[in-house]
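Residue numbers begin at 1 in each chain, while the letters A, B, ... track the order of the sequences. No hydrogens, no waters, no symmetry mates; every other heavy atom, side chains included, goes into these values.
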Amino acid sequence: MSRGSDKSIKSRERLLNALAEQIKLPLLQIARQAELAKIVGNPQEHLSTIEFTAGTALKLLDNYLLAQRLSQTGSELLLEPVSVAVVLNDTAHQLHELAAYYQCALELHMSGRYEPIMANRIGLEAALTSLGYVFIEGISTSSGENKPVVKLAAHRGKNGIVTGMFAASEGLTTDMYRRARRLHGRVRQPLTGLTFNSGAGVFIADSLLSSMSARLRIAHHQKLAGLAATFMPSKQLNLI
Amino acid sequence: MKILLLEPDTLLGGIYKTALESVGCNVFLYKNAEQAIRSIDRQAPDLIILELQLVRHNGIEFLYELRSYSDWRDLPVIVLSQVPPHESGLDPGLQERLGILKYCYKPKTSLTQLTKFINQLIPFA
C-alpha cells in the first residue's frame with residue numbers, strides 16, 4: 001500500500017472517530033428528552049425537539065458522507081460560478097432553528113456586493129452548515145452573553161472572497177487550529193477553545209473545502225475570529 | 001436540595017435541570033467552569049453535578065480550583081460525564097481526594113437513576 005493511500009485511510013479513520021464522538025451528543029439528547037417526556041408529560045413539546053435533534057444529526061452525517069465519498073474517489077467537486085449571497089442565505093436558513101434552540105443570534109453579513117465565486121454550491125453549503133453546528137454549539141457554552149452572536153459572513157480579502165463562520169471566541173487562533181488538525185480523531189476535544197465536543201463539523205468542512213481546492217483557515221471579520229475559506233471570483237461574467 | 005449543575009450543552013442542561021426540579025431540587029445551571037466558580041458563593045449549593053468535558057477549562061481543573069477554597073472543600077460532587085470512567089484519568093483514589101461521590105457515565109445513566117441517587121442524598125443535605 002502506498003504511503004499516500006495509507007495516510008488517506010488514517011485521515012478517514014480520524015474523521016470517523018471525530019464524527020462518532022460528535023453523534024453521541026444528539027443521540028443522548030434524544031434518549032434523555034424521550035425519558036423526560038415520560039417523567040413530566042407534555043409529550044408534544046418533547047417530540048418536536050426530538051425530531052429537530054434527529055434532523056440535525058442526519059444532516060451532519062450526510063455532510064460527512066459527501067466528504068468521505070469525495071475523499072475516497074479522489075475526485076474534486078465540480079466548480080461553477082456560485083452566488084455567495086445565495087449560499088449564505090440558504091445556509092442561514094438551515095441553521096436558524098439550531099441557533100434558536102441554543103439561544104444564539106445567527107447573523108448574516110456581507111461587506112458589499114460580490115461577483116460569483118468559483119465553488120461547488122452543494123459542497124460549500126454543506127461545509128458552512130457543518131461549521132455552523134460547531135460554532136453555535138460552542139459559542140452558546142463559552143460566551144457569558146445572554147444571546148451570543150454567531151456570524152455567517154463574507155468579505156473581500158487580498159486573494160479573493162473570504163467566507164465562513166465568525167464569533168467572539170477567544171480560543172480561535174492559528175496555533176490552536178493547527179494543533180486541532182493534528183489531533184482530531186485522536187483526542188476527545190481538539191478544539192477546547194471553541195467547543196466541548198469533538199468539533200467534527202470543522203473537519204468535515206475542511207475535507208469538503210479541500211475537494212474544492214480551498215482551505216479552511218483562521219480568519220477575522222469585524223473583530224470577530226472565525227474559520228473561513230477564500231474563493232476566487234468567477235471571471236466568466238466579466239466577459240459579458 | 002440546591003444543586004449547581006455544570007453542563008455545557010444547552011439542550012441537555014435543560015433536560016437535566018427539569019428532571020432534577022421534578023424531584024424538588026433547586027437547580028442552578030452553568031455552562032462553563034468560569035461562570036460556575038464566580039457564582040458558587042452566591043448560590044451556596046449542597047451538591048455539584050459536573051460534566052468533565054467543558055470549553056476552555058475542563059471539569060477536573062474546575063474541581064481542583066473548587067477544592068482550593070476552604071468553604072468548598074467538603075462540597076459533594078457527582079460527575080455526570082460523556083467521558084467513560086476508565087478514560088477520565090480519575091482513579092478511585094483521586095476521586096476520593098477530589099470529593100467525588102459518584103461517577104456517572106451519561107450514556108448509561110438514565111434520568112430516573114440520577115434522580116433516584118439524588119433522592120437518597122437529600123436527607124443528608
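At most 12 heavy atoms of other shown residues, nucleotides or ligands fall within 6.0 angstrom of atom CG in A:Asn146. Within 6.0 Å of atom CZ in A:Arg217, 12 or fewer heavy atoms from other residues, nucleotides or ligands are found, so the atom counts as exposed in its surroundings. Within a 6.0 Å sphere centred on CD of B:Gln113, heavy atoms belonging to other residues, nucleotides or ligands number more than 12. Atom CG of B:Asp74 has 12 or fewer neighbouring heavy atoms from other residues, nucleotides or ligands inside a 6.0 Å radius. Remark: A:Ile122 CD1 is loosely packed, at most 12 non-hydrogen atoms of other residues, nucleotides or ligands lying under 6.0 Å away. The 12-atom threshold is not exceeded at NZ of A:Lys38, counting heavy atoms of other residues, nucleotides or ligands nearer than 6.0 Å.
For the atom pair OG1 (B:Thr10) and CD (A:Glu137), the distance works out to 8.5 Å, reported to the nearest 0.5 Å. Atom NZ of residue B:Lys31 and atom OG of residue A:Ser140 lie 4.5 Å apart, to the nearest 0.5 angstrom. Going from atom CD of B:Gln35 over to atom OG of A:Ser143 covers 8.0 Å, rounded to the nearest 0.5 Å. With rounding to the nearest 0.5 Å, the separation of OG1 in B:Thr115 from CD1 in A:Ile39 is 5.5 Å. Rounded to the nearest 0.5 Å, atoms CG (A:Asn197) and CD (B:Gln53) are 6.5 Å apart.
Within residues 22-35 of chain A, the residues approaching chain B closer than 4.5 Å by heavy atoms are, in numerical order, A:Lys24, A:Leu25, A:Leu28, A:Gln29, A:Arg32, A:Gln33, A:Glu35.
Taking all atoms of both residues into account, the shortest heavy-atom contact from B:Val55 to A:Gly193 is CG1-O, 3.9 Å.
You'll find the side chain of B:Leu11 reaches within 4.5 Å of the side chain of A:Tyr102, heavy atoms only. Inter-residue side-chain proximity for A:Val40 and B:Thr18 is flagged as met; some heavy-atom pair is nearer than 4.5 Å.
For A:Lys59, the salt bridge (charged side-chain N to carboxylate O under 4.0 Å, His left out) test picks out no residue, with sequence neighbours left out. Qualifying side chain to side chain contact (heavy atoms under 4.5 Å, CB included) partners for B:Pro84, counting only residues two or more places apart in sequence or in other chains: A:Arg188, B:His86, B:Glu87, B:Tyr105.
B:Leu54 touches chain A through its backbone: at least one of N, CA, C or O sits under 4.5 Å from a heavy atom, while the side chain does not. Proximity to chain B involves both the backbone and the side chain of A:Ser142, based on heavy atoms less than 4.5 angstrom apart. The parts of B:Ser110 that come within reach of chain A are both its backbone and its side chain, each placing non-hydrogen atoms under 4.5 angstrom from that chain. Both the backbone and the side chain of A:Leu36 come within contact range of chain B, each with at least one heavy atom under 4.5 Å from a heavy atom of that chain. Proximity to chain A is absent for every atom of B:Tyr30, based on heavy atoms less than 4.5 angstrom apart.
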Show me the donor-acceptor pairs, under 3.5 Å and distance only, between side chains in residues 47-54 of chain A and residues at least two apart or in other chains.
unit_1: A:Ser48; atom_1: OG; unit_2: A:Gln44; atom_2: O; d: 3.2
unit_1: A:Thr49; atom_1: OG1; unit_2: A:Glu45; atom_2: O; d: 3.3
unit_1: A:Thr53; atom_1: OG1; unit_2: A:Thr49; atom_2: O; d: 2.8

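Counting heavy-atom pairs under 4.5 Å between each of B:Lys106, B:Gln82, B:Arg56 and chain A puts B:Arg56 at the top.
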